[in-house]
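Letters go in sequence order (proteins before strands), and every chain restarts at 1.
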2 protein chains.
Amino acid sequence: MSEARGAPARGAERADAARNRRAVLQATERLLAEGAGNGRGGGVGGASGEHVSLDRVAALAGVGKGTVFRRFGNRAGLFAALLEERSRALRAAVADGPPPLGPGAPPRERLLAFLDGLGAIAEGNALLLTAHEQACADDKYDDPSYQFWHRHLAGLLAEAGHPPEDADFLAHTVLAVFDGALVRRLTTPDEPRRFTRSVQTLATTLLDGA
Amino acid sequence: MSEARGAPARGAERADAARNRRAVLQATERLLAEGAGNGRGGGVGGASGEHVSLDRVAALAGVGKGTVFRRFGNRAGLFAALLEERSRALRAAVADGPPPLGPGAPPRERLLAFLDGLGAIAEGNALLLTAHEQACADDKYDDPSYQFWHRHLAGLLAEAGHPPEDADFLAHTVLAVFDGALVRRLTTPDEPRRFTRSVQTLATTLLDGA
DNA sequence: CTGTTATGCGGACTGGCGGTCCGCTTGTGC
DNA sequence: GCACAAGCGGACCGCCAGTCCGCATAACAG
């Protein structure tokens with residue numbers, strides 16, 4: 001069992017280690033973005049973003065493959081780290097920022113503000129989302145990030161009047177919709193926030209049904 | 001581009017071909033089921049159902065690997081075929097069977113009946129579901145089966161009063177919840193139908209919000 | 001500045017997988 | 001029984017996640 005650490009458990013990490021971590025993360029996002037550019041449908045290739053092999057990440061980052069694995073544990077860990085970085089601000093704002101994201105606002109406003117933030121992240125990182133889903137075979141539900149969002153959502157839904165077990169499932173439902181491929185499918189240049197609007201409509205419907 | 005065919009386009013398929021197709025399908029489900037039995041957490045293995053390699057399927061079926069690929073095109077095609085077989089009856093019943101599944105019943109009854117059927121399939125084939133999701137990189141939404149269920153759901157939701165674009169997204173939402181890992185997580189021996197009940201609750205909430 | 005040490009590095013290596021290819025076998029129609 | 005297409009099988013290929021261990025070097029004490 002590889003002990004994946006985003007940052008070292010205790011004490012500062014060595015300077016070169018920190019530099020390499022940044023390099024690997026940047027290389028990963030560059031490869032992910034590059035995959036998006038292939039307009040021509042090759043036929044075989046299929047999903048964009050899945051030919052991001054860790055060998056290539058390591059090469060582009062200018063580090064050895066071992067470094068990538070020591071730092072991130074495995075493929076899933078790498079994508080999770082990138083995702084975590086992208087959503088750190090939202091996480092903080094939700095946990096103890098000012099309303100309407102943070103505590104204090106009525107659940108409806110908090111929910112809509114939260115989904116606006118999460119939707120923006122999803123719309124801007126759809127390929128990363130897919131890569132992460134593919135990499136987490138089925139332990140997606142054990143991911144700390146997932147659990148944080150899920151607790152938050154379930155809490156708000158419960159606060160809005162849903163019985164606990166329903167709130168739990170409905171929270172899973174809302175998160176299930178954050179599927180990379182679905183996000184990509186709904187996001188077009190002329191409707192960049194269609195996905196978010198749809199999710200908010202869904203949330204409103206659920207709230208009204210409490 | 002491999003031309004996957006479940007059954008030959010025209011004329012009957014040769015006897016041995018048919019026999020082999022059955023054998024491969026059966027081997028696949030046996031391997032899938034066997035994966036479920038590993039109570040001990042191996043640590044590395046991860047998801048159950050993902051070590052079903054096509055080599056093993058071919059070996060267990062007593063055929064060559066080439067046969068598997070000629071018949072099903074690729075990994076995704078194999079799981080899709082199995083899934084299609086499992087849901088064929090429901091598909092037929094929905095398309096032109098008697099109410100409440102088939103046409104004629106009010107949308108609410110049809111929806112609940114449909115989800116009862118689809119939920120049962122999901123609960124009984126959660127590992128297959130996961131395997132299929134993993135195999136379809138992100139063309140899940142182009143799968144004919146998916147599109148059939150989606151059209152059906154969107155139709156019912158629209159019939160119940162949702163504007164078309166909302167109905168479309170809500171249909172995706174309901175289907176997004178049919179995630180193999182989530183189904184497995186909610187299905188326990190003492191609550192074998194908890195997933196279905198939850199989905200029905202979700203559907204009811206959505207209908208009431210129309 | 002120098003010596004010591006553990007932290008980190010890298011890339012060869014392994015096992016295994018999806019998918020292809022082509023010479024051979026076998027079912028089928030006449 | 002024959003000819004031929006349809007089907008077969010498994011060797012083969014390229015690739016990839018993940019491991020391992022000898023080597024370099026950052027950090028720090030004296």
Seminar exercise, completed: Going 5' to 3' through nucleotides 24-30 of chain C and flagging B where a protein heavy-atom sits under 4.0 Å of the base, S where only the sugar-phosphate is that close, and - otherwise, we get --BSS--
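- Across every non-hydrogen atom of B:Glu133 and B:Gly180, the tightest pair is OE2-N, 3.0 Å.
- B:Thr173 is not listed as a side-chain neighbour of A:Val174, based on a closest heavy-atom distance of 4.5 Å or more.
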Indicate every side-chain donor-acceptor pair of residues 118-127 of chain B with a distance under 3.5 Å to a residue at least two apart or in another chain.
{"from": "B:Glu123", "atom 1": "OE1", "to": "B:Arg193", "atom 2": "NE", "distance (Å)": "3.2"}
{"from": "B:Glu123", "atom 1": "OE1", "to": "B:Thr196", "atom 2": "OG1", "distance (Å)": "3.3"}
{"from": "B:Glu123", "atom 1": "OE2", "to": "B:Thr196", "atom 2": "N", "distance (Å)": "3.0"}
{"from": "B:Glu123", "atom 1": "OE2", "to": "B:Thr196", "atom 2": "OG1", "distance (Å)": "2.8"}
{"from": "B:Asn125", "atom 1": "OD1", "to": "B:Arg86", "atom 2": "NE", "distance (Å)": "2.7"}
{"from": "B:Asn125", "atom 1": "ND2", "to": "B:Ile121", "atom 2": "O", "distance (Å)": "2.8"}

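- Remark on DNA chain C: of its neighbouring residues A:Gly64 and A:Asp55, the 5'-side contact belongs to A:Gly64, judged by nearest-heavy-atom nucleotide.
- If you check distances only, the side chain of A:Lys65 does reach the base of D:dA17 with a donor-acceptor pair under 3.5 Å.
- OP1 or OP2 of C:dC9 has at least one side-chain nitrogen or oxygen of A:Asn20 nearer than 4.0 Å.
- One interatomic measurement links the two molecules: NE2 of A:His51 to P of C:dG18, which rounds to 19 Å at whole-angstrom precision.
- When the side-chain nitrogen and oxygen atoms of A:Thr67 are compared with OP1 and OP2 of C:dG10, one or more of them lie within a distance under 4.0 Å.
- Across all non-hydrogen atoms, the minimal contact from B:Arg91 to B:Glu84 is NH1-OE2, 3.9 Å.
- Annotation for B:Ala17 and B:Arg71: closest pair CB-NH2, 3.1 Å, computed over non-hydrogen atoms.
- B:Arg56 places its CZ atom 11 Å from the P atom of C:dG18, with the value rounded to the nearest Å.
- At least one side-chain heavy atom of B:Asp16 sits under 4.5 Å from a side-chain heavy atom of B:Arg19.
- Aromatic ring pairs are classed by plane angle as parallel below 30°, tilted from 30° to 60° and perpendicular above 60°; the pair A:Phe114 and A:Trp149 is tilted.
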Exercise. Yes or no on ring-ring contact (aromatic ring centres under 6.0 Å, His included) for B:Phe178 and B:Phe195, after CA distance, side-chain angles and deciding distance?
Worked result: CA-CA 9 Å; B:Phe178 283 76; B:Phe195 173 75; 5.1 Å; yes
For nucleotides 21-23 of chain C, which of its nitrogen or oxygen atoms have a protein nitrogen or oxygen under 3.5 Å away, and what is each distance?
none

